[in-house]
Amino acid sequence: MALFRWRFWIVTAAALAATTTHAQLNVTVTNGNPDLISSAFVPFGWQGTGSAAPFDVAALVEQDLENSGYFSGLERRNMISRPTLGAQINFQDWRILDVDILLVGQLAQAGQDQYQISFQLFDVTRGEQLLAFRIDSASDDLRATSHRISDMIYEEMTGIRGIFSTRIAYITEERPNLQQRTFRLVVADADGANAAVIAEASQPLMSPAWSPDGRNIAYVSFEGDQAAIYSQTLSTGTRTRVSARAGVNGAPVYSPDGRMLAIALSQGQGNLDIYTLEIATQTLRRITENTSIDTDPEWSRDGQWLYFTSDRAGSAQVYRVQAVPNGQAQRVSFEGRYNADARVSPDGNQLAIVHRGENQEQDRIALLDPSNGEVFVLSRGFLDESPSFAPNGALIIYATRDRGQGVLATVSTDGQIHQRIASPAGADVREPVWSPFPRQ
Amino acid sequence: MNMNRFIPMSAILALLLAACGGNDTTPVDPNAGVAESSGPANSTGIANGSNGVFTPIYTGETREERALREENLIVYFEFDRSEIRPEFNAMLAAHGEYLANVATATVRLEGHADERGSREYNIGLGERRALAVRQVLLLQGAQPSQVTTVSYGEERAAVFGSDEESYSRNRRVELVVR
């Protein structure tokens, strides 16, 4: 008589610590900047035992910078010479290849599993050194150290802080058939490497959100056929259930100071309202009280306001309200027949939203200027959703579709650079959220 | 000894008619009935008079149970709406009556949405739909404690596809009877 129901299950980080390289993502630039910085990343010299270097620093830096959409790397077979020190460079070799910047360096063994990396970056036209550094690195950290070199070069050339040392959290769903689904919450490096499953369940996982210090991720889990919000510490895998009230417990997002979560609750009443929950004291404050669907809360950078989605005017639109009880909500979006899931840019001046224009069917990622309601459409898919700003504000990652499969993509906030992030076949990838900058 | 010969033809006919009768009749398996009364313990029972106790025999689904069968467990909705369409009124009335009559029965209403729009907004939409169905069941006499709700939004699609046909089958409330 009753429908067959498979038993729910959930596994968290403790049991999954060894599950790296799962759901590896690969980045490809689908539409780049026409004015690329022509770059040469010369293979680093190697000083140590063994004939080959244990890690190709130049190749990773090249991959990072090419993936940014601002750089193009010279193919190694076209290099006339391969200097590994500034003093060895003949700039003429690079000028005739129209190279703008040149990276040379060396990797040296410094002990058991210990290395030293030195590198120099040059402006080829002027024959001028732009960067020169040396850094120690354990063998396990060679990849992370190389990302930091990418960050330095990117910032030197663009004036914008690099995001190659940041991470992305996202949800995957594998479903060989309708009765057998596996949902995973994954944390990976920004280039898709080192993907680690931090939670796995047969019931949906959704809405991951980073704490401002990057140590915790809050998310929604439906284990036991009941929505609940959890907060999980990445380093230990320990998780805490922060809200399991009657009905919907959804859309968690940390306040800028990390002390509170803004959440959406139905409290068994059938309609969602925005609440704030002080994590340490479990103090719950109701912010909106309306018969409409109020959800997708997002804090302003100063923590004084909450942006949210509401259908109180008939269709979903973006509003904001002071983050205190009984605040007066103000409508923020006016253009288009559906605007939702606002995310605030790092400088606080823009919102990334899901936007459906007048007379249009497609959901696209757009920028909304909350001061004047102006909308600038960025993406070109038909079911684009879940925008999340990179912490440097230059990129937005979002979820889109490729031949029926959920995939991730990024777009630069000027709309110029589009990237598709390929995911393993057979798994939907969605709800990407970019981490804050790592603490230095 | 075979007891079949002592059952009048008219009784067999009545049983057969009941078995293939209309939707309002509780179907009875004639063989099940015969087997019950022809067991070895009753083999000399004719002269004993009638002092036995009627024991209900499970012979297949009842009207209420049929209303709760899998194909009747889903209510579908229009895009971005949560009003119950008239064609689901009779089915929900049967569910409500069943819950009112069987105090131990419970149902979980699982609200769903199609994939368009924000995921958390769709959680709100699924919740609103589940609550709309709950209201109907309560009006039919179900007790609040018998009816729980959960919204899965667009997270548990029944059909995978990005077209109106798939969307219309995903905008739904599933009634999970226990």
Side-chain angles (χ1 to χ4, degrees), chain A residues 1-5 171 173 175 178 181 183 203-207 220 222 224-227 246-251 264 266 268-272 291-297 309-311 314-316 338-342 353-354 356 361-363 382-383 385-386 399 401 404 406 428 430-431, chain B residues 61-62 64-70 73-74 79-80 82 98 105-111 113-135 144 148-164 166-167 174-178:
Chain A
M1 178 160 81
L3 275 177
F4 169 71
R5 282 280 179 243
I171 302 286
E173 180 190 353
R175 40 162 195 260
L178 280 168
R181 304 183 188 193
F183 299 86
Q203 295 278 49
L205 298 172
M206 63 184 294
S207 301
V220 175
F222 284 84
D225 297 313
Q226 156 74 37
V248 173
N249 293 266
S266 69
Q269 299 304 304
N271 80 288
L272 304 193
T291 54
S292 62
I293 296 172
D294 292 350
T295 188
D296 291 329
T309 304
S310 176
D311 70 343
S315 74
Y338 187 101
N339 292 295
D341 204 4
I353 55 169
V354 175
R356 195 180 300 154
E361 291 300 322
Q362 301 91 350
D363 288 354
F382 73 102
L383 264 175
E385 61 181 14
S386 307
R401 295 297 168 95
D428 254 356
R430 58 200 187 213
E431 294 200 84
Chain B
E61 62 188 355
T62 62
E64 287 82 3
E65 285 165 348
R66 189 164 50 253
L68 304 175
R69 261 202 325 236
E70 192 164 331
L73 282 171
I74 305 179
F79 173 62
D80 207 9
S82 55
Y98 172 74
T106 61
V107 64
R108 185 175 68 244
L109 306 175
E110 299 184 349
D114 71 36
E115 65 185 3
R116 288 172 291 176
S118 117
R119 288 180 174 272
E120 286 287 357
Y121 180 81
N122 285 336
I123 290 285
L125 208 47
E127 178 79 355
R128 194 183 265 175
R129 287 170 178 159
L131 265 287
V133 172
R134 186 171 192 265
Q135 279 310 112
T148 58
T149 61
V150 59
S151 173
Y152 287 114
E154 63 177 284
E155 308 302 315
R156 295 197 67 100
V159 178
F160 299 112
S162 297
D163 48 68
E164 182 46 39
S166 307
Y167 292 161
E174 292 189 18
L175 291 80
V176 181
V177 180
R178 285 169 297 185

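Proteins come first, then strands; the chains are lettered A, B, ... in the order of their sequence lines, and each starts at number 1. Keep in mind that the numbers below use all heavy atoms, side chains included, and drop hydrogens, waters and symmetry copies.
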Report summary line: A:Gln226 meets the side chain to side chain contact (heavy atoms under 4.5 Å, CB included) criterion, sequence neighbours left out, with A:Asn249
Query raised in the report: How would you list, by chain and number, every residue that makes a side chain to side chain contact (heavy atoms under 4.5 Å, CB included) with B:Gln135, sequence neighbours excluded?
Result: B:Leu138
Query raised in the report: CG of A:Asp311 to CG of B:Asp80: how many Å apart, nearest 0.5 Å?
Result: 6.5 Å
Query raised in the report: Does A:Arg175 make a cation-pi contact with B:Phe160, if we ask for NZ or CZ under 6.0 Å from the ring centre and within 45° of the axis?
Result: yes
Query - From CD (A:Glu361) to CD (B:Glu164), nearest 0.5 Å - result: 9.0 Å
Query - A:Ala340: partners by side chain to side chain contact (heavy atoms under 4.5 Å, CB included), with sequence neighbours left out - result: A:Asp296, A:Thr309, A:Tyr338, B:Ser118
Query raised in the report: Roughly how far, to the nearest 0.5 Å, is CG of A:Leu272 from CD1 of B:Ile123?
Result: 8.5 Å
Query raised in the report: Does the side-chain contact (heavy atoms from CB on, under 4.5 Å) test come out yes or no for A:Arg181 and B:Arg156, once each step is laid out?
Result: CA-CA 9 Å; A:Arg181 304 183 188 193; B:Arg156 295 197 67 100; 3.7 Å; yes
Requested in this report: Could you tell me the separation between the OG atom of A:Ser207 and the CZ atom of B:Arg119, rounded to the nearest 0.5 Å?
Outcome: 8.5 Å
**Report entry** Where B:Glu115 and A:Glu385 come nearest, the two heavy atoms and their spacing
**Finding:** O-OE1, 4.2 Å
Query raised in the report: Where do B:Ser151 and A:Val248 come nearest, in terms of heavy atoms and distance?
Result: CB-CG2, 4.3 Å
**Report entry** Contact residues of residues 126-134 of chain B (partner chain A; heavy-atom separation under 4.5 angstrom)
**Finding:** B:Glu127, B:Arg128, B:Leu131
Report task. Give the intermediate values and the outcome of side-chain contact (heavy atoms from CB on, under 4.5 Å) for residues B:Arg116 and A:Asp363. Result -> CA-CA 7 Å; B:Arg116 288 172 291 176; A:Asp363 288 354; 4.3 Å; yes
**Report entry** Nearest heavy-atom neighbours spanning B:Ser162 and A:Leu383
**Finding:** OG-CD1, 3.8 Å
Query raised in the report: Of the backbone (N, CA, C, O) and the side chain (C-beta and beyond), which part of A:Ala251 lies under 4.5 Å from a heavy atom of chain B, both, or neither?
Result: both
Report task. Kindly give the heavy-atom pair with the smallest separation between A:Asp225 and B:Tyr152, and that separation in Å. Result -> OD1-OH, 3.0 Å
Query raised in the report: Quick one: do A:Arg430 and B:Glu155 make a salt bridge, cutoff under 4.0 Å?
Result: yes
Query - Under 4.5 Å from a heavy atom of chain B, the part of A:Glu431 involved - result: side chain
